[in-house]
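Proteins come first, then strands; the chains are lettered A, B, ... in the order of their sequence lines, and each starts at number 1. This is a predicted model, so every value here is computed, not measured.
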Protein chains: 2
Amino acid sequence: MGEQAEGRIADAPAAARVSDAPPAARIPDAPIGARVPKYYRLKQELRQEIGQLSPGMAIPTERVLSTRFAVSRTTVRQALHELVVEGQLQRFQGRGTFVAPPKLTQTLQLTSYTQDIAASGRRPTSRLLDAAVVPAPSDVATRLELRVDAPVQRLERLRLADDEPMAIEAVYLDAERFAGVGDAMLHSSSLYALLREQYATVLVRAEETIETVLASPSEAGMLDTGTGLPLLLLTRTSWDEQDRPVEYVRSLYRGDRYRFVANLSRPA
Amino acid sequence: MGEQAEGRIADAPAAARVSDAPPAARIPDAPIGARVPKYYRLKQELRQEIGQLSPGMAIPTERVLSTRFAVSRTTVRQALHELVVEGQLQRFQGRGTFVAPPKLTQTLQLTSYTQDIAASGRRPTSRLLDAAVVPAPSDVATRLELRVDAPVQRLERLRLADDEPMAIEAVYLDAERFAGVGDAMLHSSSLYALLREQYATVLVRAEETIETVLASPSEAGMLDTGTGLPLLLLTRTSWDEQDRPVEYVRSLYRGDRYRFVANLSRPA
DNA sequence: CAGTGGTCTAGACCACCTC
DNA sequence: AGGTGGTCTAGACCACTGT
């Protein structure tokens with residue numbers, strides 16, 4: 001990161017000040033008509049400095065930034081946290097803070113996942129985390145038009161692209177209609193191919209929702225990110241040619257690494 | 001997906017303890033194989049209590065929770081913050097913390113915005129924040145297939161539903177092709193109607209992206225939320241029947257209040 | 001005015017990584 | 001061992017909302 005910051009004195013309306021602090025760097029002053037917290041001005045300053053750097057480069061440690069800008073480490077951490085959430089920085093415990101690569105764009109479309117990733121020039125893999133027949137919880141039952149506690153096959157997978165964890169995906173299927181699909185998935189990587197070839201089922205439409213949730217500690221661990229960081233939760237219900245619901249999928253993507261794109265056309 | 005923690009006493013591996021603290025309430029113990037911070041266990045505990053309450057009801061103040069659970073106010077705030085981000089609580093400076101109403105679902109479709117909201121039984125309004133012809137920044141120029149700095153009409157509106165701020169929307173149009181559209185919008189509320197009636201332009205397809213960003217202080221002010229809270233940024237490029245790009249739109253929605261849904265069909 | 005959430009400080013200990 | 005980010009504490013002052 002550069003050497004000096006531009007702008008004038010910080011420390012806007014409030015707060016006790018250490019009287020004899022060294023000149024240190026400056027974070028931009030608060031503008032007039034708006035209330036701008038110190039951590040936010042620091043964030044803007046850091047954002048600009050980060051813009052000059054390349055992905056993967058390390059930035060100074062929290063303690064260094066704290067002294068350089070003459071603010072507490074808490075304030076530095078608040079600024080860094082927001083830059084992490086926005087996908088500009090990545091932090092690793094014990095290692096440091098680094099400039100993040102740009103976000104990746106994932107298309108919402110009714111085709112094979114594997115196919116999508118490969119089309120973007122990356123190597124798709126997946127790790128089966130869990131495959132079990134369980135009683136349908138109410139949301140799953142509703143989506144699949146089954147009764148609550150009806151047996152459903154749950155398939156939980158960690159999706160990777162170029163070996164980087166990309167999403168945690170849980171698929172639910174009617175365990176009676178798709179008997180044995182759990183075992184079959186132990187040796188197959190494409191659920192859609194399996195549905196087509198073994199169950200003569202083709203998906204023709206889907207409804208997908210997107211919202212923001214936060215990573216639990218275990219989710220954060222699997223996605224190699226921090227607890228409490230925003231994730232994008234995609235849920236998808238897909239129907240076959242007879243308009244029967246076939247799959248209900250919940251996928252969690254890192255919000256700092258992915259954006260989604262949908263193609264819309266005029267309603268018929 | 002998700003996880004649970006049962007159990008008793010808090011204060012897992014670390015931290016100095018006030019020796020004579022009152023019995024206080026308990027937050028669930030940390031489970032074995034995972035590292036679960038105290039604020040996260042508190043969050044889970046609070047999440048459960050909130051589940052029993054109705055939207056709009058007040059919860060205890062930060063200082064009360066702090067003593068009740070025998071943790072610092074910082075820890076309480078971290079737990080509350082995550083519940084706010086997840087849309088379970090709403091905080092208002094000077095007033096208190098309240099149970100939030102459920103998220104609203106907004107459909108991604110190529111029809112009038114106003115129409116969409118009305119269809120969901122709410123009253124759509126909008127406030128024109130700004131209408132100016134400006135030189136196209138590079139991203140706008142790219143999307144509209146214009147040269148950088150070509151004149152574009154910018155229309156910035158605050159969208160409301162039942163008088164609640166819903167989104168900040170900035171639309172960009174080719175100022176030469178749609179000359180006068182800025183003035184016309186002063187007296188019209190529907191851009192799409194205006195395009196159809198005054199410019200004989202009908203939109204037939206669009207590409208929409210969704211990603212997470214954070215609220216700046218001014219955005220937070222307009223959306224009546226907090227600085228640094230996650231927003232969903234939707235960008236949309238729409239094309240007419242001749243496949244010319246017509247509009248480029250950037251909309252910011254509160255991530256704690258909205259989710260989005262898209263309908264997909266088998267690619268042709 | 002008292003009480004709320006919002007910001008900020010200074011310092012401590014922890015878990016984790018690299019050397 | 002030493003340094004990193006992650007968590008937590010106790011306390012302060014602020015801006016804002018209600019009375």
Side-chain angles (χ1 to χ4, degrees), chain A residues 10-19 21 27 30 33-43 58-67 69-84 89-98 215 217 220-221 224-229, chain B residues 10-19 21 27 30 33-43 58-67 69-84 89-98 215 217 220-221 224-229:
Chain A
D11 212 7
R17 283 290 266 117
V18 174
S19 42
I27 47 182
R35 199 153 317 283
V36 179
K38 192 187 279 190
Y39 77 84
Y40 189 82
R41 302 198 303 276
L42 175 58
K43 173 187 167 190
I59 70 163
T61 70
E62 296 176 352
R63 287 159 178 90
V64 167
L65 291 173
S66 165
T67 50
F69 289 101
V71 298
S72 76
R73 194 180 149 214
T74 305
T75 301
V76 169
R77 279 184 60 77
Q78 195 165 0
L80 292 180
H81 173 74
E82 294 202 358
L83 290 166
V84 167
L89 292 176
Q90 287 181 298
R91 292 197 278 195
F92 300 96
Q93 182 168 143
R95 288 204 277 145
T97 304
F98 305 86
D224 198 21
T225 185
T227 298
L229 283 178
Chain B
D11 212 6
R17 283 291 266 115
V18 175
S19 42
I27 47 183
R35 198 153 317 284
V36 178
K38 192 187 281 192
Y39 77 83
Y40 189 83
R41 301 198 304 275
L42 175 57
K43 173 187 167 189
I59 70 162
T61 70
E62 296 176 352
R63 287 161 178 90
V64 168
L65 291 172
S66 164
T67 51
F69 289 101
V71 298
S72 77
R73 196 180 146 213
T74 306
T75 301
V76 170
R77 279 183 60 76
Q78 195 166 359
L80 292 180
H81 174 75
E82 294 202 358
L83 290 167
V84 166
L89 293 176
Q90 288 181 299
R91 290 197 279 195
F92 301 96
Q93 180 166 145
R95 287 205 276 146
T97 304
F98 305 87
D224 198 21
T225 186
T227 298
L229 283 179

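The residue from B/V71, B/T67, B/T61 that alone fulfils the side chain to side chain contact (heavy atoms under 4.5 Å, CB included) condition with B/V76 is B/V71.
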Please tabulate the protein-to-nucleotide N/O contacts below 3.5 Å involving nucleotides 16-19 of chain D, giving atom names and distances.
| from | atom 1 | to | atom 2 | distance (Å) |
| --- | --- | --- | --- | --- |
| D/dC16 | OP1 | A/R35 | NE | 3.3 |
| D/dC16 | O4' | B/Q93 | OE1 | 3.1 |

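Across all strands shown, B/T75 has heavy atoms under 4.0 Å from sugar-phosphate atoms exclusively, and none from any base. Nucleic acid contact class of B/T227 (heavy atoms, under 4.0 Å, all strands): none. Within 4.0 Å (heavy atoms only), B/T74 reaches at least one base atom of the nucleic acid.
We find that CD of A/Q78 is positioned 7 Å from C1' of C/dT7, with the value rounded to whole Å. Here D/dT4 presents its C1' atom at 16 Å from CD of A/Q90, a figure rounded to the nearest Å. To the nearest angstrom, C1' of D/dG6 lies 16 Å from OH of B/Y40. Atom CZ in A/F69 sits roughly 13 Å away from atom P in C/dT9 (whole-Å rounding). The interatomic distance linking A/K38 (NZ) with D/dC13 (C1') rounds to 12 Å, in whole Å. Taking atom CG of residue A/D224 and atom P of nucleotide C/dC16, one finds them 13 Å apart after rounding to whole Å. To the nearest angstrom, C1' of C/dA15 lies 16 Å from CZ of A/F92. Regarding A/R91, its CZ atom lies at a distance of 16 Å from the C1' atom of C/dC17, rounded to whole Å.
Distance CZ/A/R77 to CZ/A/R91: 4.5 Å, rounded to 0.5 Å. Going from atom CG of B/L89 over to atom CD1 of B/I59 covers 4.5 Å, rounded to the nearest 0.5 Å.
Where B/E62 and A/R73 each meet DNA chain C at their nearest nucleotide, the meeting point lying more 5' is that of B/E62. Looking at which nucleotide of DNA chain D each of A/V64 and B/R63 is closest to, the 5′-most match is held by A/V64.
When the side chain to side chain donor-acceptor pair (under 3.5 Å) test is applied to A/E82, the partners found at least two apart in sequence or on another chain are A/K43. In terms of the side chain to side chain donor-acceptor pair (under 3.5 Å) criterion, B/T227 has no residue partners (sequence neighbours excluded).
Looking at B/T225, its side chain never comes within 3.5 Å of a backbone N or O of B/A220 through a donor-acceptor pair. Side-chain atoms of A/R41 come within 3.5 Å of backbone atoms of A/V36 as a donor-acceptor pair (strictly under, hydrogens ignored).
Residue B/R77 places at least one side-chain N or O under 4.0 Å from the OP1 or OP2 atom of C/dG6. Between B/Y39 and D/dT7 there is a side-chain polar atom (N or O) within less than 4.0 angstrom of OP1 or OP2.
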